[in-house]
Participant: 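Could you have a look at this structure, given as structure tokens, before my questions?
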Amino acid sequence: MKKTTARGGRLPVRSVIAAVLLAFFVPLVGSTAIHFAGDAQAADWRTARRDSSGQAPDPAQVDEAVIQVYAARAVRWRGIFGVHTWIAAKPRGAADYTRFEVMGFGVAHGRSAVRVREGIPDGYWFGSEPELLRDVRGGAEVDALIARLHDAAERYPHANEYRIWPGPNSNTFIAYLGREVPELRLELPPTAIGKDYLPDGALFGAAPSGSGGQLSLFGLLGITVAAEEGLELSLLGLSIGVDAWPPAIKLPGIGRIGMPEHLPDSERWGVVRLAP
């Protein structure tokens, strides 16, 4: 009888652990199917699309300052699990956009991982169409945010490091910029693996949106609670969570299911204009 009772006592714990593991890893099966059903994974990265997706305003027609944040599925098999993120910005009256991003090419040979340079703001990422996550526009206030992005990029503590997993990687960098410029209220998708890798290996820090906090053990295990992100749990770089508003669930590999964070034509979830 005692043996049966002991087993009975352990069963709920095992069930909870099994349910958690299933919640984290079963969605990857669906993500794998979606990945191989598409054609982006079959493209040669050297010839894959890198042109504009038509989402960024033309600098010749829009004089105001613009900051946009994009995410696109990573190249090849990495796209099953996650996305590459970057920020594109132009001050008032500028003729070109500057892209803020991190790439691993050349880091092993002493090149900085941080790339801050003019470029196509909304380009396909080696064949993958980008999703616009945040669109902030305005005047001097947005110019000031862009200046702070430049300053923060210069201070990024992992400029000479790059690890696809668990970080620091491209998503670690964009999450860092979000923390440094919390006015963006930047919520990165659960597929942005590396976003929970805190700078300098810190255990506690602000959420990428700046609207809450998080605990993270080198991006491998953690929890985030914030107004923008909602509640997120992370395990081995994968994230699962619930966003109360706009309502959505977040799944590893799959991403956000529910109302998106950005709707281009919505007055509430579209372009954010900072007031003077």
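Start at 1 with the first residue, then count along the sequence.
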Participant: List the residues meeting side-chain contact (heavy atoms from CB on, under 4.5 Å) with Phe105, not counting sequence neighbours, and say none if there are none.
Facilitator: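 Partners of Phe105 under the side-chain contact (heavy atoms from CB on, under 4.5 Å) test: Met103, Arg115.
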Participant: Is Arg99 salt-bridged to Glu118, going by a charged N under 4.0 Å from an acidic O?
Facilitator: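 Answer for the salt bridge query: no.
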Participant: Is it the case that the side chain of Ser31 and the backbone of Gly253 share a donor-acceptor pair, with hydrogens and angles ignored and the cut-off at 3.5 Å?
Facilitator: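 Such a contact is found between Ser31 side chain and Gly253 backbone.
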Participant: Is Ser216 reaching over with its side chain to a backbone N or O of Tyr197, donor-acceptor style, under 3.5 angstrom?
Facilitator: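 Judged by distance alone, no pair lies under 3.5 Å.
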Participant: Taking side chain as C-beta onward, heavy atoms only, is Ser170 less than 4.5 Å from Glu101?
Facilitator: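 Sidechains of Glu101 and Ser170: no contact.
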Participant: Rounded to the nearest 0.5 Å, how far does NE2 of His150 lie from CZ of Phe100?
Facilitator: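 Rounded to the nearest 0.5 Å, the CZ-NE2 separation comes out at 3.5 Å.
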Participant: To the nearest 0.5 Å, tell me how far Thr32 OG1 sits from Ile254 CD1.
Facilitator: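 Interatomic distance, Thr32 OG1 to Ile254 CD1, rounded to 0.5 Å: 8.5 Å.
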Participant: Might you point out which heavy atoms bring Pro91 and Ile146 nearest each other, and give the distance in Å?
Facilitator: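 Result for this residue pair: N-CD1, 3.7 Å.
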Participant: Between Glu64 and Arg273 (salt bridge meaning N to carboxylate O under 4.0 Å), is one present in this structure?
Facilitator: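 Here Glu64 pairs with Arg273 in a salt bridge, since their nearest N and O are under 4.0 Å apart.
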Participant: Could you check whether any side-chain N or O of Trp165 sits under 3.5 Å from a backbone N or O of Gly194, counting only pairs where one atom can act as donor and the other as acceptor?
Facilitator: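 Side chain of Trp165 to backbone of Gly194: no pair is present.
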Participant: Quick check: do Pro208 and Leu186 have side-chain heavy atoms less than 4.5 Å from each other?
Facilitator: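 A side-chain contact under 4.5 Å is absent here.
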Participant: Mind checking the CD1-CD1 spacing from Ile174 to Ile87? Nearest 0.5 Å is all I need.
Facilitator: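 One gets 4.5 Å once the value is rounded to the nearest 0.5 Å.
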Participant: Under a 4.5 Å cut-off applied to non-hydrogen side-chain atoms, are Ile249 and Asp243 in contact?
Facilitator: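 With C-beta onward as the side chain, the pair stays apart.
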Participant: Kindly write out the residues that satisfy ring pair (Phe, Tyr, Trp, His ring centres under 6.0 Å) with His262, not counting sequence neighbours, or none if the list is empty.
Facilitator: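 For His262 there are no ring pair (Phe, Tyr, Trp, His ring centres under 6.0 Å) partners, ignoring immediate neighbours.
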Participant: Return yes if some donor-acceptor pair links the side-chain N/O of Ser211 with the main-chain N/O of Glu228 below 3.5 Å, else return no.
Facilitator: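 Yes: the side chain of Ser211 pairs with the backbone of Glu228.
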Participant: With distance as the sole test, does Arg78 use its side chain to make a donor-acceptor pair with the main-chain N or O of Phe81 at under 3.5 Å?
Facilitator: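 It does not hold such a pair.
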Participant: Is a side-chain donor or acceptor of Asp122 paired with a backbone partner of Ala56 at a separation under 3.5 angstrom?
Facilitator: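 Confirmed, Asp122 side chain pairs with Ala56 backbone.
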Participant: If you round to the nearest 0.5 Å, how far is CD1 of Ile164 from NE2 of His84?
Facilitator: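 These two atoms lie 12.5 Å from each other.
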Participant: Run the salt bridge (Lys or Arg N to Asp or Glu O under 4.0 Å) check on Arg256 and Glu187 step by step: do they pass?
Facilitator: CA-CA 11 Å; Arg256 186 182 179 93; Glu187 178 183 348; 3.1 Å; yes
Participant: Hydrophobic clustering (ILVMFWY, side-chain heavy atoms < 4.5 Å, transitive) - are Val102 and Val107 grouped together?
Facilitator: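 Looking at the clustering, Val102 is in the same group as Val107.
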Participant: Heavy atoms only: give me the nearest Ala65-Gly139 pair and the separation to one decimal.
Facilitator: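 Reported closest heavy-atom pair: CB-O, 4.0 Å.
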Participant: Restricting to non-hydrogen atoms, name the atom on Ser209 and the atom on Ala226 that form the minimum distance, rounded to 0.1 Å.
Facilitator: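 Answer, listing the atom of Ser209 first, then Ala226: OG-CB, 4.2 Å.
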Participant: Give, for atom CG of Asp135 and atom OH of Tyr70, the distance between the pair rounded to the nearest 0.5 Å.
Facilitator: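 Spacing of CG (Asp135) from OH (Tyr70) equals 7.0 Å.
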Participant: Are any of the side-chain heavy atoms of Lys90 and Ile67 separated by less than 4.5 Å?
Facilitator: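 Not touching, per the 4.5 Å side-chain cut-off.
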Participant: Tell me the closest heavy-atom pair linking Pro190 and Lys250, and the distance in Å.
Facilitator: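 Here Pro190 and Lys250 meet closest at CG-CB, 3.5 Å.
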Participant: So if you build clusters from Ile, Leu, Val, Met, Phe, Trp, Tyr with side-chain heavy-atom gaps below 4.5 Å, do Leu221 and Leu251 land together?
Facilitator: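 Yes; Leu251 is reachable from Leu221 via cluster members.
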Participant: With the side chain counted from C-beta on, respond yes when Pro59 and Asp96 share a heavy-atom pair under 4.5 Å apart, and no when they do not.
Facilitator: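 Of all side-chain heavy-atom pairs linking Asp96 with Pro59, none is under 4.5 Å.
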Participant: Main chain of Arg92, side chain of Asp143: is a donor-acceptor contact present, judged purely on distance under 3.5 Å?
Facilitator: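 It does hold such a pair.
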Participant: So if you build clusters from Ile, Leu, Val, Met, Phe, Trp, Tyr with side-chain heavy-atom gaps below 4.5 Å, do Val26 and Leu235 land together?
Facilitator: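 The answer is no; the residues belong to distinct hydrophobic clusters.
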Participant: Answer yes or no: is there a side-chain heavy-atom contact under 4.5 Å between Val136 and Val66?
Facilitator: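 Counting from C-beta outward, Val136 and Val66 never come under 4.5 Å.
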Participant: So, Glu154 versus Tyr156: side-chain donor-acceptor pair below 3.5 Å or not?
Facilitator: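 Absent: no donor and acceptor within the cut-off.
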Participant: Identify the two heavy atoms, one from Ile120 and one from Asp51, that lie closest to each other, and give their separation to 0.1 Å.
Facilitator: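 Taking every non-hydrogen atom into account, CD1-CA, 4.2 Å.
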Participant: If we only count heavy atoms from C-beta on, is the Arg49 to Glu129 side-chain gap below 4.5 Å?
Facilitator: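 SC-SC contact between Arg49 and Glu129 ruled out.
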Participant: Would Leu238 and Leu28 satisfy side-chain contact (heavy atoms from CB on, under 4.5 Å), going step by step from the backbone distance to the final call?
Facilitator: CA-CA 10 Å; Leu238 303 174; Leu28 295 179; 4.0 Å; yes
Participant: Between Glu229 and Lys195, does any side-chain N to carboxylate O distance fall below 4.0 Å?
Facilitator: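 Lys195 and Glu229: not salt-bridged.
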Participant: Can you check whether Gly222's main-chain N or O pairs, donor with acceptor, with Ser234's side chain at less than 3.5 Å?
Facilitator: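 Yes: the side chain of Ser234 pairs with the backbone of Gly222.
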Participant: Is it true that a side-chain atom of Asn169 and a backbone atom of Tyr162 form a donor plus acceptor pair closer than 3.5 Å?
Facilitator: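 No, because the side chain of Asn169 does not come within donor-acceptor range (under 3.5 Å) of the backbone of Tyr162.
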Participant: Do Asp196 and Gln214 pair up side chain to side chain, a donor and an acceptor below 3.5 Å, judged on atom types alone?
Facilitator: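 Result is yes, a qualifying pair exists.
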Participant: Among all residues two or more places apart in sequence or in another chain, which pass the side-chain contact (heavy atoms from CB on, under 4.5 Å) test with Glu161?
Facilitator: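 Expected list: His158, Arg163, Pro168.
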Participant: Within the side chain of Asn171, is there an N or O that forms a donor-acceptor pair under 3.5 Å with the backbone of Val83?
Facilitator: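 Side chain of Asn171 to backbone of Val83, a donor-acceptor pair under 3.5 Å: yes, one is there.
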Participant: Are Glu183 and Arg148 ion-paired here, with the side-chain N under 4.0 Å from a carboxylate O?
Facilitator: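 Salt bridge: yes.
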Participant: If you round to the nearest 0.5 Å, how far is OG1 of Thr191 from CD1 of Ile80?
Facilitator: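 Output value for this atom pair is 13.5 Å.
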Participant: How about Pro199 and Phe173: do any of their side-chain heavy atoms sit closer than 4.5 Å?
Facilitator: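 They are not in side-chain contact.
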Participant: Search all heavy atoms of Leu188 against all heavy atoms of Ala192 and return the closest pair with its distance.
Facilitator: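 Between these two residues, the closest heavy atoms are CB-CB, 4.1 Å.
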Participant: Report yes or no: do Leu133 and Tyr124 belong to one cluster of Ile/Leu/Val/Met/Phe/Trp/Tyr joined by side chain heavy-atom distances under 4.5 Å?
Facilitator: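 Looking at the clustering, Tyr124 is in a separate group from Leu133.
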Participant: Would you kindly confirm whether Tyr176 and Leu198 end up in one hydrophobic cluster when ILVMFWY residues are joined by side chain heavy atoms under 4.5 Å apart?
Facilitator: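 No; tracing contacts between hydrophobic side chains, which count when under 4.5 Å, never links both residues.
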Participant: List the steps, then state whether side-chain contact (heavy atoms from CB on, under 4.5 Å) holds for Glu180 with Arg155.
Facilitator: CA-CA 10 Å; Glu180 293 295 304; Arg155 293 183 284 103; 3.2 Å; yes
